[in-house]
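All remarks here apply to the structure that follows.
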Amino acid sequence: MENLTETQARAYVHQWLSNHPERIEGRRANSFALRQWHDAAVLRLRQGIAADAEFILNRFATKSETHSMG
């Protein structure tokens, strides 16, 4: 199983954000926070298995949303 390249991971995160507008709402309101989340999500995708990309981003978003609520 191959990992995603930087370009592939960035494109996947961008597409995921477009497809899930209801996720990470708190981060979307702040461009700096959104950029940090995006960069962290890319790193997580690059470290994970490409076939698990959807699961990785959903889990990361859930953790981020839970953390921002506290």
Side-chain angles (χ1 to χ4, degrees):
M1 306 244 171
E2 292 186 25
N3 294 18
L4 296 173
T5 66
E6 177 84 15
T7 302
Q8 290 171 322
R10 288 199 174 278
Y12 195 96
V13 171
H14 180 74
Q15 184 64 42
W16 187 89
L17 287 168
S18 295
N19 290 339
H20 297 83
E22 75 288 357
R23 301 301 305 264
I24 65 165
E25 290 178 16
R27 301 244 192 300
R28 289 176 188 263
N30 178 323
S31 62
F32 181 72
L34 180 59
R35 194 169 339 154
Q36 283 186 316
W37 187 92
H38 191 284
D39 290 345
V42 167
L43 181 62
R44 286 178 183 259
L45 284 183
R46 296 212 54 220
Q47 293 172 341
I49 299 168
D52 293 338
E54 182 73 17
F55 173 79
I56 292 167
L57 287 184
N58 281 322
R59 183 174 174 171
F60 184 51
T62 298
K63 285 183 174 184
S64 298
E65 290 162 346
T66 302
H67 179 67
S68 67
M69 294 170 91

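Numbers here are sequence positions counted from 1. Side-chain atoms are counted along with the backbone in the values below, which use heavy atoms only and exclude waters and symmetry mates.
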Arg10: partners by salt bridge (charged side-chain N to carboxylate O under 4.0 Å, His left out), with sequence neighbours left out: Glu6, Asp39
More than 12 heavy atoms from other groups under 6.0 Å of CZ on Arg59: no
Does Leu57 reach the side chain of Arg23, with side-chain heavy atoms less than 4.5 Å apart? no
Judged by atom type as modelled, is there a donor-acceptor pair below 3.5 Å linking the side chain of His20 to the main-chain atoms of Trp16? yes
Heavy-atom closest pair, residues Ile56 and Gly48: CD1-CA, 3.9 Å
Go through the steps for Trp37 and Val13 under the test side-chain contact (heavy atoms from CB on, under 4.5 Å), then give the verdict. CA-CA 10 Å; Trp37 187 92; Val13 171; 4.0 Å; yes
Indicate the atoms forming the closest heavy-atom contact of Arg46 with Thr5, along with that distance. NE-C, 3.5 Å
Taking atom CG of Asn3 and atom CD of Gln47, what is their separation to the nearest 0.5 Å? 9.0 Å
Close side-chain approach of Glu65 and Ile24, heavy atoms under 4.5 Å: yes
Main-chain N/O of Phe55 paired with Asp52 side-chain donor or acceptor, under 3.5 Å: no
State the OG-CD distance between Ser64 and Gln36, to the nearest 0.5 angstrom. 11.0 Å
Taking all non-hydrogen atoms of both residues, which atom of Phe60 and which atom of Ala41 are closest, and how far apart? CE2-N, 3.6 Å
Check against side chain to side chain donor-acceptor pair (under 3.5 Å), Ser18 and Gln15: CA-CA 5 Å; Ser18 295; Gln15 184 64 42; 5.4 Å; no
